[in-house]
Student: 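Quick one: the structure is below, and I'll ask about it shortly.
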Amino acid sequence: MVTQKDIARRAGVSVSVVSAVVNGTSHTRMSDETRERVEAVLTEVGYVPNDAARSLRRQRAGTIAVVVEKVDNPVYRDMFHGIYDAAEARGWAVVLGDTIWMQSGSHFLARLLGRGSIDGILLRHDGIIDETVMRLLRTQQTPVVTLEGRHAPDGRWLAVDDVGAGRIATAHLIELGHREIAYVGGGRAFVTTARYDGYVTQMREAGLTARALVATEFGFEAGSKGLVMALAQRPRPTAVVVNNVISGIGLLAAAHDAGLQIPEDLSVIAIHDAEIADNVRPTLSTVKLPMAELGTRAVEEIATALDGRPPRAGILHDPAPQVIMRGSSAPPTSGQPS
């Protein structure tokens, strides 16, 4: 069996350098050329680390948990890819769970709290999980990184730029020539209000009147409700920013049922991108957020915590939110106010 000592001899480096490459740690400094040379030798000899022995030495399980609300939400696809890729690079396994099972006394929660069974937890919280459960999690030594929130007692949180997403969605409609723009969808959670704040800021900077938040929660039905409430506003909007892509699709369906033409009667753009936005008619304009990068950074933050290093939390500004213009947004027609 090939050992790390054999790898070091072949690559012309120390065993500590090989160990750093295998374990994905950053304590040992090395050039990119050295790392690539070691990785080439690892590939050449087909080296497979002994995860069981390594876990015993570190007293780690080699497993992290990812807990989100509604795991089937297509918005999470890119984030999951980022998480799985980054975890695989470190030789970690991933346990995926839904917040619906994060209840006191549940088997899933017991697994998360079980000593040595999970090395770290990536958790989309933002007020979804009750405080009793959160207190239990915080009493454990297992690091918890909060996703898409702005609060964590130990400072370990990561989020995409929701304010920027609200701004760029609104700016897109303004650039098309719209002046009467509504904002619908979402609830009162921080993520919703951050996106709405971005809308308000962009409208005011353009010298336009921002409308009140039409909070209809989430999901397809929320989009349907949002359409009715937006069209009841006066003056009637010519365009709407929708808080999330699923509600945006619900709004398109409701518009079709109501006999409205999109984008002729109403332009629509939704925050967050998902494959489904390309498969509805008309296709839905969206704001793409760096969800894959969020997943990668989240795994890196777990590694940082396990290594005892200070948190590198914050908002991901790079890459910035990006408009994906599709068929649901266009300049206002001659019959609409502009």
Student: Who pairs with Glu221 by salt bridge (charged side-chain N to carboxylate O under 4.0 Å, His left out), at least two apart in sequence or on another chain?
Tutor: Lys225
Student: Output yes when a side-chain donor or acceptor of Arg309 lies under 3.5 Å from a complementary backbone atom of Leu306, and no otherwise.
Tutor: no
Student: Tell me, do Val13 and Val18 make a side-chain contact under 4.5 Å, heavy atoms counted?
Tutor: yes
Student: To the nearest 0.5 Å, what is the distance between CD1 (Ile271) and OG1 (Thr286)?
Tutor: 10.5 Å
Student: Under the salt bridge (charged side-chain N to carboxylate O under 4.0 Å, His left out) test, which residues partner Asp197, sequence neighbours left out?
Tutor: none
Student: Rounded at 0.5 Å granularity, tell me how far CG in Leu284 sits from CG in Asn279.
Tutor: 11.5 Å
Student: Are Asp265 and Arg236 within salt-bridge range, i.e. N to O under 4.0 Å?
Tutor: no
Student: Apply side chain to side chain contact (heavy atoms under 4.5 Å, CB included) to residues Tyr76 and Arg124 and explain how you reach the verdict.
Tutor: CA-CA 11 Å; Tyr76 294 135; Arg124 189 182 183 279; 2.9 Å; yes
Student: Could you walk me through whether Val144 and Arg156 pass the side chain to side chain contact (heavy atoms under 4.5 Å, CB included) check?
Tutor: CA-CA 7 Å; Val144 177; Arg156 295 194 185 278; over 6 Å; no
Student: Can you confirm whether Val214 sits close enough to Val240 that some side-chain heavy atom of one is under 4.5 Å from a side-chain heavy atom of the other?
Tutor: no
Student: Taking Asp6 first and then Arg9, would you say they form a salt bridge - that is, a charged N and a carboxylate O separated by under 4.0 Å?
Tutor: yes
Student: Can a side-chain donor-acceptor contact be found between Ser329 and His172 if the only test is distance below 3.5 angstrom?
Tutor: yes
Student: Is there a side-chain contact between Trp157 and Glu301, using heavy atoms and a 4.5 Å cut-off?
Tutor: no
Student: Please round to the nearest 0.5 Å and tell me the distance separating atom CG of Asn73 and atom CZ of Phe80.
Tutor: 8.5 Å
Student: Give, for atom OG1 of Thr209 and atom CD1 of Ile181, the distance between the pair rounded to the nearest 0.5 Å.
Tutor: 11.0 Å
Student: What is the distance from atom OG1 of Thr283 to atom CE of Met325, rounded to the nearest 0.5 Å?
Tutor: 9.5 Å
Student: Looking at side-chain heavy atoms only, is the closest gap between Ser267 and Leu173 below 4.5 Å?
Tutor: yes
Student: Decide yes or no for Asn243 and Tyr196: does some side-chain heavy atom of the first lie under 4.5 Å from some side-chain heavy atom of the second?
Tutor: no
